[in-house]
Structure formats: C-alpha cells, structure tokens
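Read the structure below first, then the notes.
Basis for what follows: all heavy atoms, side chains included, without hydrogens, waters or symmetry-related copies.
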Amino acid sequence: MTPSMLLIDCSPTPALAAQYKITYAGMAAIEESELVNDVVHVDLATVEGQARLMDWLRQNEVPSHVKCGLESPDFEGAAADFLQAKIVGVTRVLEALLMLNSAVEWEFVISPNADIWARSCEAYFKTLVQGLSAELPHTKITFG
C-alpha cells in the first residue's frame with residue numbers, strides 16, 4: 001500500500017509522486033495531474049477554508065505524511081491575513097490531523113530567502129513543536 005502525503009501550499013514533485021499518493025491543499029492553481037491524486041482548493045485564512053480541509057481529513061484516508069509550506073509567494077493581501085492562514089489555519093489543521101493520526105510525519109518547509117512573515121511562522125511552529133514533542137512522542141515534526 002502506497003503511503004499518503006498531504007501537501008499544504010507546497011508543490012508536488014516527481015520524487016514525491018513516486019513515493020506517495022499525494023493530495024494538494026491550498027490556493028495555488030495546481031491542476032490534477034499524474035503528480036497529484038486529489039486537489040482540495042482551500043483558503044486557510046478563512047474559517048470556511050479551515051473547516052473544509054478538516055472535513056476532508058475526516059472523510060478521507062488520513063495522510064501518513066504532511067509537507068507544509070510556510071511561504072505563499074502568490075499571496076496578495078495584508079500580513080495579518082497571511083499570518084491568519086499560516087498560523088491559525090495551519091495550527092487548526094495540525095491539531096485536527098494529530099487527533100486523527102498522532103503518528104503522522106509532518107514537515108514544515110521554508111526557503112532560505114523567506115520573508116519576515118514566513119520566518120515568524122517558522123518561529124511560532126518551532127516553539128509549538130517543542131511543547132508537542134513531550135505530549136505526542138509518536139509524532140515526528142521536522143523543519144526543512
């Protein structure tokens with residue numbers, strides 16, 4: 001059985017597609033292709049978008065792996081909206097996913113030249129992960 005991966009605001013690659021059954025979630029215009037098995041168009045800055053992704057998680061096979069981009073180069077809007085999507089939205093999805101599969105392997109990704117808002121998100125999640133590691137030892141959360 002092929003393990004599944006949820007990509008949140010992170011582009012699929014042939015290498016990932018060779019290893020995982022991939023679902024993409026986010027706002028980017030990624031069309032279904034041989035790299036992606038399913039696309040969930042959601043705006044994690046909205047409560048509706050967060051709820052839609054959490055509903056999807058409850059109604060489908062729970063992914064064993066998640067790769068979450070902390071940048072959104074195509075994002076247009078206020079920094080507060082970006083932070084709402086990345087911090088509040090991703091935290092809600094992370095919490096829901098941990099309730100469904102505490103053994104999930106989650107990777108946050110950020111480029112070396114990320115802006116201050118993406119770096120702020122990274123700092124928040126690094127602090128959160130420190131606290132979660134003691135409570136959920138089976139969960140593997142990394143930064144790449």
Side-chain angles (χ1 to χ4, degrees), residues 2-133 136 138-144:
T2 305
S4 57
M5 176 175 274
L6 175 64
L7 296 177
I8 301 174
D9 289 332
C10 196
S11 297
T13 65
L16 289 175
Q19 288 185 288
Y20 302 101
K21 176 184 168 195
I22 295 178
T23 298
Y24 172 83
M27 291 293 295
I30 291 183
E31 297 301 320
E32 294 187 39
S33 71
E34 67 277 355
L35 298 179
V36 178
N37 299 89
D38 197 8
V39 176
V40 184
H41 292 286
V42 294
D43 180 358
L44 291 178
T46 67
V47 173
E48 295 82 9
Q50 296 160 17
R52 183 166 180 234
L53 185 53
M54 288 186 280
D55 284 344
W56 185 90
L57 287 169
R58 285 188 285 273
Q59 295 171 12
N60 292 276
E61 175 190 343
V62 178
S64 56
H65 297 76
V66 176
K67 194 167 190 165
C68 180
L70 293 178
E71 298 172 81
S72 292
D74 298 335
F75 186 84
E76 294 179 13
D81 294 336
F82 175 80
L83 294 173
Q84 173 76 15
K86 291 300 177 179
I87 292 179
V88 176
V90 171
T91 299
R92 286 186 174 151
V93 172
L94 174 62
E95 178 183 34
L97 190 58
L98 290 174
M99 292 170 72
L100 295 169
N101 177 12
S102 64
V104 68
E105 292 185 20
W106 186 295
E107 179 184 10
F108 288 102
V109 293
I110 189 168
S111 69
N113 59 345
D115 67 19
I116 187 66
W117 303 115
R119 291 276 172 223
S120 297
C121 294
E122 180 185 42
Y124 165 81
F125 284 111
K126 283 184 174 180
T127 301
L128 181 65
V129 167
Q130 287 175 351
L132 287 175
S133 63
L136 299 168
H138 294 35
T139 303
K140 181 180 178 186
I141 302 175
T142 60
F143 294 82

Please report the closest heavy-atom contact between [X] and [Y], naming both atoms and the distance.
X: Leu53; Y: Ala25; result: CD1-CB, 3.8 Å
X: Ser4; Y: Glu61; result: OG-OE2, 3.4 Å
X: Cys68; Y: Val90; result: SG-CG1, 3.8 Å
X: Arg92; Y: Val47; result: NH1-CG2, 4.1 Å
X: Phe108; Y: Phe125; result: CZ-CD2, 3.4 Å
X: Ile22; Y: Pro12; result: CD1-CB, 4.4 Å

Rounded to the nearest 0.5 Å, what separates atom [atom1] in [X] from atom [atom2] in [Y]?
X: Asn113; Y: Glu71; atom1: CG; atom2: CD; answer: 6.5 Å
X: His65; Y: Leu7; atom1: NE2; atom2: CG; answer: 11.5 Å
X: Lys21; Y: Met5; atom1: NZ; atom2: CE; answer: 14.0 Å
X: Ile141; Y: Lys126; atom1: CD1; atom2: NZ; answer: 13.0 Å
X: Leu70; Y: Asp115; atom1: CG; atom2: CG; answer: 11.0 Å
X: Arg119; Y: Ser111; atom1: CZ; atom2: OG; answer: 6.5 Å

Evaluate the side-chain proximity of Asp9 to Tyr24: yes if any heavy-atom separation is below 4.5 Å, no if none is. yes

Non-hydrogen side-chain atoms of Leu94 and Leu128 separated by less than 4.5 Å: yes

Do side-chain atoms of [X] reach the backbone of [Y] as a donor and acceptor pair under 3.5 angstrom?
X: Lys86; Y: Gly69; value: yes
X: Gln50; Y: Leu44; value: yes
X: Glu122; Y: Ile110; value: no
X: Ser102; Y: Thr139; value: no

Count the heavy atoms belonging to other residues, nucleotides or ligands that lie under 6.0 Å from CH2 of Trp117, then report whether that count exceeds 12. no

Run the side chain to side chain contact (heavy atoms under 4.5 Å, CB included) test on Cys121 and Phe82 for me, step by step, so that the C-alpha distance in whole Å, both residues' side-chain angles and the decisive distance to 0.1 Å come before the verdict. CA-CA 10 Å; Cys121 294; Phe82 175 80; 4.0 Å; yes

Test side chain to side chain contact (heavy atoms under 4.5 Å, CB included) applied to Phe143 and Val129, step by step: CA-CA 10 Å; Phe143 294 82; Val129 167; 4.0 Å; yes

Salt bridge (Lys or Arg N to Asp or Glu O under 4.0 Å) evaluation trace for Asp55 with Arg52: CA-CA 5 Å; Asp55 284 344; Arg52 183 166 180 234; over 6 Å; no

Between Thr23 and Asn60, does the side chain to side chain contact (heavy atoms under 4.5 Å, CB included) criterion hold? Intermediate values first, please. CA-CA 11 Å; Thr23 298; Asn60 292 276; over 6 Å; no

Assess the residue pair Leu97 and Trp106 against the criterion (side chain to side chain contact (heavy atoms under 4.5 Å, CB included)); give the C-alpha distance rounded to whole Å, side-chain angles, the decisive distance to 0.1 Å, and a yes or no. CA-CA 10 Å; Leu97 190 58; Trp106 186 295; 3.6 Å; yes

Considering the options Val62, Leu6, Leu98, Leu136, which one meets the side chain to side chain contact (heavy atoms under 4.5 Å, CB included) requirement together with Val104? Leu98

